[in-house]
Amino acid sequence: QPPNANTDLYPNVPTDTSRAFIEAECLAKHNNDKNKRRYCVNNRVTTAIADAEFRDLIEGSCGDGADRHCIVRRTCPSCQHAFHRDIYYKRLTPLPPAEGEDGGVNMLNLFMNEWKDDIKNTFHVDFELYSTYEDAVAGVNEWQACNFNFDGIGFPRDCGPKVLTGTGWNAYIHHNHVGSANHHGFYVEKARA
């Protein structure tokens, strides 16, 4: 029986996704439980430290016989459009070097605040986006529209399954936030033992 994305691979996506719950949970401990592969961020996380942990999770071995990076899932119950409420980011190429190295990128900040494609994050080359875990694993029904490079705007900017659609992006530092992703969380697929 294939694993259930909600209970087996992302076992700790909270059922209470209110802002108070998410902030309290993230403040209590920004780092992840290595056994449950959970990751949670908010605007108080030191991204330089947390980026190394986030990268380690993504680079875990998550393939079923074939080696692949672990899939990042963003849940967003406050997002206006249904397709922005559950998004799966599947990495196709190796992660770029960490920030501070030549050509380095802070992957966590890429998701949180600076969704860019000029830093080894090219759509349909370095990654794909999907609406379900099953589609991401199978590599089918990938999203067709994505844009980038607006300072202070994070994942997924206006990306959508068929056309660009705004307001589903998160921003931790943008002061004129008009998006609907006010209550969201990032989770990384549990690596295979």
Side-chain angles (χ1 to χ4, degrees), residues 2-15 17 21-23 25-76 85-101 103-116 119-123 126-139 142 154-156 159 169-170 172 181 183-193:
N4 179 298
N6 288 321
T7 58
D8 298 331
L9 300 175
Y10 301 91
N12 296 306
V13 175
T15 54
T17 51
F21 175 84
I22 290 172
E23 284 189 5
E25 179 180 70
C26 290
L27 270 178
K29 183 165 69 165
H30 82 73
N31 62 341
N32 56 322
D33 178 335
K34 300 289 186 196
N35 295 319
K36 296 180 181 173
R37 299 299 189 206
R38 179 178 188 171
Y39 206 84
C40 190
V41 297
N42 74 4
N43 62 347
R44 296 179 181 112
V45 170
T46 305
T47 61
I49 295 168
D51 183 56
E53 297 168 4
F54 188 61
R55 289 170 160 279
D56 285 348
L57 293 175
I58 296 171
E59 291 176 330
S61 180
C62 285
D64 294 324
D67 197 29
R68 66 171 170 78
H69 292 300
C70 296
I71 296 170
V72 179
R73 178 183 188 187
R74 187 196 75 169
T75 61
C76 179
R85 293 182 193 143
D86 212 4
I87 304 172
Y88 296 83
Y89 172 99
K90 180 180 180 181
R91 188 76 192 179
L92 304 175
T93 60
L95 294 179
E99 191 173 50
E101 299 176 30
V105 175
N106 183 315
M107 288 299 292
L108 185 57
N109 194 52
L110 178 78
F111 282 86
M112 292 173 63
N113 300 302
E114 300 292 338
W115 185 239
K116 296 188 179 292
I119 52 173
K120 299 179 183 165
N121 192 53
T122 303
F123 191 45
D126 296 310
F127 76 95
E128 296 286 2
L129 297 177
Y130 299 89
S131 296
T132 70
Y133 173 78
E134 293 75 20
D135 283 354
V137 170
E142 62 273 0
F155 180 85
C159 301
W169 42 268
N170 46 260
Y172 293 74
H183 308 295
H184 65 274
F186 289 103
Y187 303 89
V188 180
E189 176 184 16
K190 184 176 179 181
R192 303 291 186 265

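Index from 1, following the sequence.
- For the residue pair Gly103 and Pro96, the shortest heavy atom distance occurs at O-CB, 4.3 Å.
- Applying the side chain to side chain donor-acceptor pair (under 3.5 Å) criterion to Arg85, with sequence neighbours excluded, gives no partner residue.
- Once rounded to the nearest 0.5 Å, the distance linking CZ of Phe111 with CD1 of Ile58 reads 5.5 Å.
- With contacts defined as side-chain heavy-atom distances shorter than 4.5 Å, the pair Val72/Phe155 does not qualify.
- Closest approach of Leu108 and Asp51 over heavy atoms only: N-OD1, 2.9 Å.
- Contact check for Thr75 versus Asp86: side-chain heavy atoms found under the 4.5 Å cut-off.
- Tyr88 and Ala136 get closest at one heavy-atom pair: CB-CB, 4.2 Å.
- The CG atom of Leu95 sits 9.5 Å away from the CG atom of Asp126 when rounded to the nearest 0.5 Å.
- Distance check: Glu128 CD to Ile71 CD1 gives 11.5 Å after rounding to the nearest 0.5 Å.
- Taking CE of Met107 as the reference point, atom CG of Leu57 lies at 12.0 Å (rounded to 0.5 Å).
- Applying the side chain to side chain donor-acceptor pair (under 3.5 Å) test to Tyr89 and every residue at least two apart in sequence or in another chain returns Arg91, Asn121.
- The line from NZ of Lys90 to SG of Cys70 is 12.0 Å long, rounded to the nearest 0.5 Å.
- In this structure, Glu114 and Ile119 have side chains that are not in contact, with every pair of non-hydrogen atoms separated by 4.5 Å or more.
- Here the shortest heavy-atom pairing between Asn109 and Asn106 reads N-OD1, 2.8 Å.
- Across all non-hydrogen atoms, the minimal contact from Pro94 to His69 is CA-NE2, 3.7 Å.
- In this structure, the side chains of Lys120 and Thr93 stay at 4.5 Å or more apart for every pair of heavy atoms.
- The nearest pair of heavy atoms linking Arg55 to Ala98 is NH2-CA, 3.4 Å.
- Inter-residue side-chain proximity for Cys76 and Asn170 is flagged as unmet; no heavy-atom pair is nearer than 4.5 Å.
- Under the 4.5 Å side-chain criterion, counting only non-hydrogen atoms from C-beta, Phe123 is not in contact with Cys159.
- Within the 4.5 Å cutoff, the side chain of Arg73 has no heavy atoms near those of the Tyr133 side chain.
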